[in-house]
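In what follows, chains are A, B, ... by sequence order, proteins preceding strands, each numbered from 1.
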Amino acid sequence: MNDQLSRRGLLGGAALLAASAPGVSWAFERDGNRKVLVFSGNQAVPVLDPHIRYDWSTRMIQQGVYDALLKYEGDPPRIVPWLAERHEVSPNGLTYTFHLVGNAKFHNGDPVDAEAVRFSFERGLKLNAGIAWMLKDFLKPEKIVAVDPRTVTFTLERPFAPFISYVPWWYIVNPKQVMANQEGDDLGRKWMTENDAGSGPFKLRRFDANTLMHLENVPDYWKGWPMAEAARPSGIIYRIIREAAPRKAALQRREADIITNITPDDIEQLARVPGVAIENHKGSTTFGIKFNCQQGPTADINLRKAIAYAFDYDALLAITNGFAALMTSPFPASMAGHIDVPGIPRKDVDKARDFLKRSGTPNGGLELEYVHVQGLEEARRVGLVLLDSLRALDIKVNIVGQPWTTMTSRGSKPDTAPNMMSIYVTPVGTDPDTVAYQYHRASWGLYYGTAHYDNPEVSRWIDEARAETDNAKRMALYARIQTQIVADQPEIFGMVANRIWARRDYVNGFSFSPVRFTGEIDLYPLWVAG
Amino acid sequence: MSAIAEETVAAPPRRRLRLALWLLTRSFSSMLGLFLVTAIVALALLGPWIVPYPDDVQGGINLANKLQPPSFAHWLGTDEVGNDILTRVIIGARISLLVGIGITVAAAIIGVPLGILAGLAGGRLREVIMRFTDLFLSVPGLVLAIALVAALGPGIVNAMIALILVWWPGYVRLAEAKALSIRDEAYIEAARVAGASRARILRRHVLPNSISPLIVKMSMDIGQAILAVASLGFIGLGAKPPTPEWGAMISIARGYMPDWWWYAVAPGVFIYLAVLGFNLLGDGLRDILDPRSNRG
Amino acid sequence: MAGYILRRIGLAGLMLFGLVCLTFVIANVAPSDPAALAAGPDAGRSQIEQARREYGLDKPLPEQFLRYVTDLAQGNFGRSIATGRSVGTDLARYFPATLELVILAMLLGVLLGVPLGVVSALRKDGPVDHVTRIFAVSGIALPPFWFGLLLQLAFATWLGLLPTSGRISVFTEPPDPITGLLLLDNTLRGQWPLFREALSYIILPAIVLSLPCLASILRVNRSEMVEALRMDYVVAARAHGVTPWRIVMVHALKNAMLPTLAIIGLRWGWMMSSTVLVETVFDWPGIGLYAVSSAIAGDFKPVMGVTLIVGLNFMVANLIVDLLYGVLDPRLRRA
């Protein structure tokens, strides 16, 4: 009797398993007779509104759904005309005039006109979130004028050389759709969270913030498509898989066609899988360990220098399996004006000891805190490297992972900022000002200014360079800025990790641009062969 | 009350112990539990002297040697910074055991006096204590602990604080129930009439009678606390590197699945065996010391 | 009886309020600056200050608390600071996924736990009993996150039988939900291929989640059965030639019903809470995953929302069990 019972239980279990084995679907999915491409990354896309939020995954989707006046393309990045077929600048560097293409249409059929451009910039400035910081101090909403349906002018408060480098991130939304869905005076903010008012190559089909985005191709996109009509995919799915291992498995099983956020160790494995190609490109995201330059032991430049010379830079390359380049300046190599600063510290324990002797703690014997973003594996491992390196100076390291909010809040004041804090910074444009400004006195307390670095001369040079319209003079200023920052050692200049994607080899049209964020790609030119 | 239990209570201490031991040795699963617990305790005590690479838990890194499969030099392979996994899991036993015992003892120290107080005092005080306890009991422990650690910041001490905060109410319940059940027993009444002070009643009658279920619960809870700390570690809210905490190790190892699957296996097996050991032992102890409460 | 029910409901309400206070306190001991999170990574000071005003974070704490409670009373869970999305909407979206997982795990626990308990009681102290005992304790001792990883490794990666993670294929656009539970919806609609697909995604997480519950149910049924088999009338029935099968069905299961029910009630809330781990491993888009990803980002409104929802489940399940006990077993009815 008992045997009978248990056997029945077993059979039941077996039947259940057999029933649940799915017909695993190989190869890309089709929608009608066109293909759907699947891109998988780890990060959700909570808000689609281009004037509220951006991060790599969000902006990738925004770039698909929306167009801007200009667009970044290629490596090295170039700014190409998009909704604006051309633009000019007044000689005093204050007035920018954009001439729009005539045939651009929003997804609902409305034309993209100068009023839409004016409205979008005004909305971005008024909402004062996301992208607003880029232009807020230089552009007032009332100084944007729709001269005629195809011409719009921007008059800046004062000359601001980086202006053009930010314009590609200001996406144009359809004022009619936005205002029709306004609640209270929210400028359509609530509706725009999950809805599309764009003119881009894709329109939104499904939006599930934590699981997937399904973008559907706009067949008669005003700018046309770069691939043959027959090869044009029906759409792209962005699938969120939070963990590296299942994401990799999805690529191997062809449940995903492109993936990102791959650990360096996985890259080598994936490269050996037939049918998988690795996209490996020089990035622009700098990784540095910012010291607290105002309070605590690291306020002492000699200690900072000692740590910088004790640090094992080669270990950074080992951690990334060589998929990174060491920084040779505070600027990433892809940035205009970058120079290789001579004498930037590399591991030299004798020098480190010399500097330590000149510091307030000549024999070490202290403990320093190293804070990194909780859950960032690479930053955690750098912490281990730091801990290992500083043992030579008899300095202990307390490795602390904290949520981003706690880090920024601690980093906002010199007396709460940790001794050392690892920070990734991705320049938002191609202009050197975006990187240089983090060393300006005015950046104190913002996440990239947690070093509380203060060199009045450097701050003054940065201001001068911002307003300088002569490019050669500007670049000379930036060279001086870089050299001085390295001399002051407000941080350990770490590395610029490569940007890496793995794709099936039938995915074509992949185009890399270092100005995009880590993981972010341009979805527009992608197509599937065969 | 079953015959065995009566005997356990009535017999003199020496005989009671012998009987308990005899009962324990008769049960295969209890012996397995005892064996596992002894092994874990031994590893925890001897750890630093028996591990092959003691430097590997202090943050020594050896990137040239990372992610090696199990070999003669590294029985369980090496991890992502080239540390010996065997060394780290063995030292991990120390941390887990300490944390598990720490949480349980702290929870009992907070919970038991409150429970006895509630049980003996009765009235409004009892109502307040018990409602407060119910509040904590009605909160999903793990979710609350996650919220707490997220707020306090990750780290082994904060994880312990969070878990103690969600753990103590169980002991209030237990102690209160015991105190209540004893309060009305005839012999306590008699003692009170005979002029025994409250403290004396507490010491002579309430505590000894609560001790068996307490030991059983604590034994089970050490296992569960080890599991809970590992869970927080897995979510990324546990021990800080380079502390070799089992859950945190799995959390990192997970990123190296499936190609380096052995990395995740070792710490998991240790958690499993440790928790299994304490649970089996607790189970066996319950059968002997507290047979009436043999419930799920 | 009515008085008892009212009293219980009143108490549950009081505790819910206590829970609200508790979560609020926890969310505000964090030394972080939520406004910086709301304003985004590159925000300047003016954006951060604007975000602070927008989310009411510039108000004194008692006022923030009052606002939170009044909002909750109107069913408004507030907005997530990291994303600006309404927590209520997000919870409504993710809760069905968790509910489905918990229900299926519970079913597995009952369907396997009861018979295994009976079997091990019938073979008390034999090898089968020891094996099931170790199995049962293992159910509680296995770290669910680790076991989940192993199952993924075996069934998805090595055998390729089941998908690794997620709730349904990204290519499947499920029709509008009826209940939000995919298995149930597809049964109601008779869409068997979709049903099979959903089942293939849910089965591994459900197995992992069910183990502790299965273990408890097994243990209870075993001990009830052992006791039942010792009863005089069972011994008498046996002597009269009633088949053992009948004895099991009629007496033991009847006895085990109440405690099993109690365990379901107790484990219900507990499972809601431990889905956190299972959902993290399987990328299951439920409230547990939502809570963890928010907690790690330092975004407390969603964490508070999830804690309240799970706490509510805890309380309601306990209430129902208590009331059912009252109905089924009048001896236990208390004043």
Chemist: If I measure from the heavy atoms of chain C, does B:Phe278 come under 4.5 Å with its side chain, its backbone, both, or neither?
Modeler: neither
Chemist: Could you tell me which of B:Ser231, B:Ala147, B:Pro258 has the largest number of non-hydrogen atom pairs under 4.5 Å with chain C?
Modeler: B:Ser231
Chemist: Among C:Thr307, C:Leu312, C:Asn318, C:Val303, which has the most heavy-atom pairs under 4.5 Å with chain B?
Modeler: C:Thr307
Chemist: For the residue pair C:Met15 and B:Arg131, what are the closest heavy atoms and their distance?
Modeler: SD-O, 4.2 Å
Chemist: Is it the side chain or the backbone of C:Leu14 that comes within 4.5 Å of chain B heavy atoms, both, or neither?
Modeler: neither
Chemist: Can you tell which of B:Ile146, B:Leu280, B:Val265, B:Leu237 has the highest number of heavy-atom pairs within less than 4.5 Å of chain C?
Modeler: B:Val265
Chemist: Can you confirm whether more than 12 heavy atoms, excluding those of C:Phe24, are under 6.0 Å from its CZ atom?
Modeler: yes
Chemist: Among the options C:Ala291, C:Ala141, C:Ala262, pick out the one with the most heavy-atom pairs lying under 4.5 Å from chain B.
Modeler: C:Ala141
Chemist: Under 4.5 Å from any heavy atom of chain B, what part of C:Val25 do you find: side chain, backbone, both or neither?
Modeler: neither
Chemist: Given that the side chain runs from C-beta out, which part of C:Val276 has a heavy atom under 4.5 Å from chain B: side chain, backbone, both or neither?
Modeler: side chain
Chemist: Between B:Gln224 and C:Ile140, what is the shortest heavy-atom contact and its length?
Modeler: NE2-CG2, 3.0 Å
Chemist: Side chain to side chain contact (heavy atoms under 4.5 Å, CB included), that's the test. Do B:Asp283 and C:Arg133 meet it? Break it down for me.
Modeler: CA-CA 10 Å; B:Asp283 226 28; C:Arg133 182 174 210 171; 3.2 Å; yes
Chemist: Using the rule side chain to side chain contact (heavy atoms under 4.5 Å, CB included), only one of B:Val275, B:Asn279, B:Leu281 pairs with C:Val137; which is it?
Modeler: B:Asn279
Chemist: Which atoms of C:Leu142 come close to chain B, meaning under 4.5 Å heavy atom to heavy atom: side chain ones, backbone ones, both, or neither?
Modeler: both
Chemist: Are any non-hydrogen side-chain atoms of B:Leu32 and C:His130 less than 4.5 angstrom apart?
Modeler: no
Chemist: Return the CG to CZ distance between C:Leu153 and B:Arg254, rounded to the nearest 0.5 Å.
Modeler: 13.0 Å
Chemist: C:Ile26 versus B:Leu144: any side-chain heavy-atom pair under 4.5 Å?
Modeler: yes
Chemist: Over 60° means perpendicular and under 30° means parallel, so tell me whether B:Trp261 and C:Trp158 are parallel, tilted or perpendicular.
Modeler: perpendicular
Chemist: Is there a side-chain contact between B:Ile271 and C:Trp146 in this structure, where contact means two heavy atoms from C-beta onward sitting under 4.5 Å apart?
Modeler: no
Chemist: Output the option from B:Gly223, B:Ala274, B:Ala230, B:Pro267 having the highest count of non-hydrogen pairs under 4.5 Å with chain C.
Modeler: B:Ala230
Chemist: Could you have a look at C:Leu308, C:Ile134, C:Leu266 and say which one has the most heavy-atom pairs with chain B under 4.5 angstrom?
Modeler: C:Ile134
Chemist: Please report the C-alpha distance between C:Leu277 and B:Ile235 in whole Å, then the side-chain angles of each, then the deciding distance to 0.1 Å, and finally whether the side chain to side chain contact (heavy atoms under 4.5 Å, CB included) criterion is met.
Modeler: CA-CA 8 Å; C:Leu277 296 168; B:Ile235 293 173; 3.8 Å; yes
Chemist: Taking side chain as everything from C-beta outward and backbone as N, CA, C, O, which of these in C:Phe147 sits under 4.5 Å from a heavy atom of chain B? Side chain, backbone, both or neither.
Modeler: neither
Chemist: Please look at C:Leu22 and chain B and tell me whether the side chain, the backbone, both or neither of the residue comes under 4.5 angstrom of a heavy atom of that chain.
Modeler: side chain
Chemist: Grab the two heavy atoms, one from B:Leu142 and one from C:Ser274, that are nearest each other, plus how far apart they are.
Modeler: CD2-CA, 4.3 Å
Chemist: Which one of C:Leu149, C:Leu218, C:Val310, C:Thr157 has the most heavy-atom pairs closer than 4.5 Å to chain B?
Modeler: C:Leu149
Chemist: Is it the side chain or the backbone of B:Val269 that comes within 4.5 Å of chain C heavy atoms, both, or neither?
Modeler: both
Chemist: Minimum heavy-atom separation for C:Ala295 and B:Ala150, please, with both atom names.
Modeler: O-CB, 3.6 Å
